[in-house]
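What follows is a short report on a single structure.
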Amino acid sequence: MELKINTNVNFSKLSENYLFSDIAKKVKAHAAAHPEDKIIRLGIGDVTLPLTSSVTDAMGKAVLEMGNKETFRGYAPEYGYDFLREAISRHYKRFGVSVPPENIYASDGAKCDCGNLVDIFGDNEILIPDPVYPVYLDSNVMAGRKATLLPTGEQTGFLPRTDGLAEKPYVVYLCSPGNPTGAAFDREGLAEWVRFAAQTGSLIIYDSAYEAFVSEDLPRSVYEIDGAEEVAVEICSLSKSAGFTGTRCGWCVIPGAIRAGGVPLCKLWERRQATKFNGVPYVVQRGAEAALSETGRRESMDNIAYYMKNARVICSMLKERGIFFTGGVNSPYVWMKCPGGTSSWEFFDLLLSRAAVVGTPGSGFGKCGEGYFRLTAFGSADATKEAVARIADIL
Ligand code: PLP
């Protein structure tokens, strides 16, 4: 039945197709037409290694507590249990950063925080790098906001720059190491954004979901940069670092010093979360606490080392073939240029039809991603080697 209510018209302004559902459709069609092909997926950025034993032990213990009248817990605090906020605060000390637990807000993941943060802002000039994780743009479009895209490319190392921006206040999204390009800011590059934000009264929303993949001497947190605690909110997640994509736990940091419209920004977020969020499940928070412990972090870093070996396999083949790429060093993503000037989707089709390998067309992350292609290191070692051999055959 057609109702007579109004729906949110902003949804009609979203780009029509969702990248991963288009990919899924094409893969399904290929599998139906070629049942003999063993398709290898290096497309979606999901992890494949299971949760580590310190995490599952902690969660198992927490499950038993929930089944016991003496230790059962109901609603979790909206901003996270103290034990988790303190564990996250200690985690920041690993890279020399002091973030007080009361500025940390646990959540069910970075995607949710990216989407939900929009609630606390009014109309602003919004800057979003291109190409980038699509959630920043789409969540703003759903809220009826427009954003200016900051073009990036080979000349800028796929990192957005402040050059040429008018000196006025913005809400700027930065992601480092970046999805999909794997490009990561150095301290000077990030400091330039922090300086710009301080000069213009702008806010940086910094997504550090891939911090654990940083292997070079590069910032893992925006708060490694002096003054960032005055201008930057940070969103982070255990999805990629500790395999929590299906377990769901992340956090955002909103420093108490950041004020806008006469109020601390964190007060707006606290109000928003208290109204619309009822906390991360206790069992998950215990798992997250364990993931951030010394043992948990060591186990996670072993998993990351496994993925990064895959990244090296992909990168060395591309190097041998003389194909331009970024990423794969501080990031599980390898961002390659499509050979012979093919478009992102043409290369997707070629790879699927001739090598039965699935990657992600760069154009799905923004106009500046056209002509590029994302491969992920999250597969198994054997599948990655096999995929790389097949790709090498057709390049
Ligand atoms: N931020 C970036 C840059 C991502 O690439 C992703 C997932 O792919 C997320 C956030 C989502 O993380 P979560 O699983 O914590 O929602």
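From a predicted model like this one, the values you see are computed outputs, not experimental measurements. Atoms within each ligand, like the ligands themselves, are counted from 1 in listed order.
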Under 4.0 angstrom from ligand 1, any heavy atom of Thr245?
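It does not, in that no heavy atom of Thr245 comes within the 4.0 Å cut-off of ligand 1.
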If the cut-off is 4.0 Å to any non-hydrogen atom of [X], which atoms of ligand 1 fall inside it?
X      : result
Lys240 : 7 (C), 8 (O)
Arg248 : 13 (P), 14 (O), 15 (O), 16 (O)
Ser237 : 13 (P), 15 (O)
Gly109 : 15 (O), 16 (O)

Treating Ile, Leu, Val, Met, Phe, Trp and Tyr as nodes and any side-chain heavy-atom pair under 4.5 angstrom as an edge, say whether Val47 and Val284 lie in one connected cluster.
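No, Val47 does not connect to Val284 through the hydrophobic network.
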Distance-only N or O hit between ligand 1 and Asn179, under 3.5 Å
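Yes: some nitrogen or oxygen of Asn179 is under 3.5 Å from one in ligand 1.
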Is any N or O atom of Tyr210, backbone or side chain, closer than 3.5 Å to an N or O atom of ligand 1?
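Tyr210 vs ligand 1: N/O contact under 3.5 Å present.
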Distance to the ring centre below 6.0 angstrom and angle to the axis at most 45 degrees; does that hold for Arg272 and Phe277?
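Not flagged: Arg272 not positioned over aromatic ring of Phe277.
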Over-ring placement of Arg73 relative to Tyr81, 6.0 Å and 45° cut-offs
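Ring-cation test returns yes.
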Which one holds for Tyr136 and ligand 1: side chain close, backbone close, both close, or neither close, with close meaning a heavy atom under 4.0 Å?
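For Tyr136, only side-chain atoms sit under 4.0 Å from ligand 1.
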Location of contacts on Cys175 toward ligand 1, heavy atoms closer than 4.0 Å
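Side chain only.
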Shortest protein heavy-atom distance from [atom], along with the residue and atom involved:
atom                    : value
atom 10 (C) of ligand 1 : Tyr133 CE2, 3.4 Å
atom 14 (O) of ligand 1 : Ser239 OG, 2.6 Å
atom 12 (O) of ligand 1 : Ala110 CB, 3.7 Å
atom 2 (C) of ligand 1  : Asp207 OD2, 3.4 Å

Taking atom NZ as the centre, does Lys267 end up with more than 12 heavy-atom neighbours from other residues, nucleotides or ligands that are less than 6.0 angstrom away?
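No, not enclosed.
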So among Glu234, Glu224, Arg220, which one has a side chain to side chain donor-acceptor pair (under 3.5 Å) with Tyr92?
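Only one option passes, and that is Glu234.
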Looking at the rings of [X] and [Y], which for Trp means the six-membered one, are their centres under 6.0 Å apart?
X      : Y      : answer
Tyr333 : Tyr210 : yes
Tyr372 : Trp335 : yes
Phe365 : Tyr133 : no

Would you call Gln273 and Tyr79 a side-chain contact if the rule is heavy atoms closer than 4.5 Å?
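With C-beta onward as the side chain, the pair touches.
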